[in-house]
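Heads up: the structure comes next, in structure tokens.
Hydrogens, waters and symmetry mates play no part in the numbers below; they use all other heavy atoms, side chains included. Both ligands and their constituent atoms are indexed starting at 1 by order of listing.
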Amino acid sequence: MTLALSLFDAGLGDVEIYESAGAIKELGVGINILPHAVRELSELGLLDRLASVAIPTGELVYYSKHGQRIWGEPRGLAAGYKWPQFSIHRGELIGILHRTILERLGPARVHTGHHLVGFGQDRDKAWAEFVDRATNTPVGRAEVDVLVACDGVHSTIRQLIYPNEGPPNWNGVTMWRAVTAGKPFLSGRTMVMAGHFGKRVVVYPISRSHEARGEALINWVAELKNAPDQPMPRQDWEYIAKREEVLALFSPYVFDFLDVPALIRSAEVIYKYPMVDRDALPTWNYGRVTLLGDAAHPMFPVGSNGASQAILDARVLARELALQPSLEEALMAYDAQRRPATAALVAANRQVGPEQCMELVEKRAPNGFQNLDEVISRAEMEEIARSYKRTASFDPEILNQRPSLSVR
Ligand SMILES: Cc1cc2nc3c(=O)[nH]c(=O)nc-3n(C[C@H](O)[C@H](O)[C@H](O)COP(=O)(O)OP(=O)(O)OC[C@H]3O[C@@H](n4cnc5c(N)ncnc54)[C@H](O)[C@@H]3O)c2cc1C
């Protein structure tokens, strides 16, 4: 949907969106949109809509599994960015994008119940074939100048281009995800990570309306590295977990600033999913077809970056399609800018990205510490944070100074 809005904004309004699901539903749990992606959504005119529902995250704080503070840094506007970082309910983000599509492009451009099963191309056009997934009956065929696969980590188009690639890589980590209505914690706008790779929680509030009532809608993810003989959980976003299994694992995570078991007990529904990514590809382009977002570069959810990078892809692709003299040159320019940048991030996230300091503390002081300076220096932690921001394109100085990607 961000790609459709970006193309429309770049003067290429003849766009059709095909979605496998029977309806656009406002589902999911929480997500962080980092300042580099908020900048792009702002330039599409969505800042006020996002700000009316999302929490502008003010700080990120890492704790050890004992609840000892390791690192804290300001985030968003507080960190000197010109754009905020938003913690938002995925359903609300989808709702904002969808309503904007309906207003700007019109409802006829959104084709739900269209699951792509095949595509082809010749010198003049590409085409895609769709079925209704519920009934497996053909629902039509589209002829287009360019076909962009935004169909996620299990992309059908990627599979058709790279038939021998196989399933995504699992790193052995299971994630339990939910939202829980509760009380504000720390600053009320803090994102907390506690533990270490293999047993960690990520917790942050996501709702402005709850905040206005003095409450918090809290998004949380609990992650555990399975024993090697454990099977991988099903790769299904709607697979529901048993509360007891995650509660038993995280019962020690009761801190004076946050009671993780209480969050788990009060969650309405808990989803379970394996942590997966894929290896970088030699190219995303295949004639008139290209890949975008998780179809192109699924990465471990470390550093809150997958969707933010998909938003950057959309903006760059729209810009190149509008400005380059030919379709071929546009797709080449897109691939050249975005593929190496996201490949570096897939690799960085395999090394736990900015959360390395939690790993080092766990390794050097598994039983806790009296004096953090004796375990890890401030300079070491600053370098970890700075280097990840550069890799992920959200170093504040570089981002604030970089020219806009808007074509207008
Ligand atoms: C636990 C967790 C936490 C995360 N947290 C963050 C975060 O804080 N910040 C962040 O930036 N990222 C985060 N991510 C990553 C983020 O969720 C993904 O990078 C993002 O959703 C990718 O967007 P996408 O549009 O490429 O794919 P998706 O969101 O997967 O969307 C793909 C769409 O394509 C449709 N589709 C699939 N197949 C077909 C087909 N054959 N035909 C038609 N339609 C089809 C699907 O129904 C779906 O609507 C997180 C991921 C996980 C697992």
Quiz prompt | Those protein residues which place at least one heavy atom below 4.0 Å from ligand 1 | solution =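 Only Tyr18, Glu19, Ser20, Ile31, Asn32, Arg90, His114, His115, Leu116, Cys150, Asp151, Gly152, Thr156, Met175, Arg177, Tyr204, Trp237, Gly293, Asp294, Pro301, Ser304, Asn305, Gly306, Ala307, Ser308 have heavy atoms that fall under 4.0 Å of ligand 1, ordered by chain and number.
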Exercise. Tell me yes or no: between the side chains of His154 and Gln235, is some donor less than 3.5 Å from an acceptor?
Key: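 Indeed, the side chains of His154 and Gln235 share at least one donor-acceptor pair under 3.5 Å.
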Practice problem: Please identify each residue that fulfils side chain to side chain donor-acceptor pair (under 3.5 Å) with Ser20, with sequence neighbours left out. | Solution: His115
Exercise. Would you list the pairs meeting side chain to side chain donor-acceptor pair (under 3.5 Å) in which at least one residue belongs to residues 264-280, sequence neighbours left out?
Key: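 For residues 264-280: Glu165-Arg278, Asn169-Asp277, Asn169-Asp279, Glu245-Lys272, Asp277-Arg350, Asp279-Arg350.
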Quiz prompt | Under the side-chain contact (heavy atoms from CB on, under 4.5 Å) test, residues paired with Ala78 that sit two or more places apart | solution = Pro74
Practice problem: May I ask you to decide if Thr156's main-chain N or O and Asp151's side chain share a donor-acceptor pair within less than 3.5 Å? | Solution: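 The answer is yes, because a donor-acceptor pair under 3.5 Å joins these two groups.
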Quiz prompt | More than 12 heavy atoms from other groups under 6.0 Å of CD on Glu59 | solution = yes
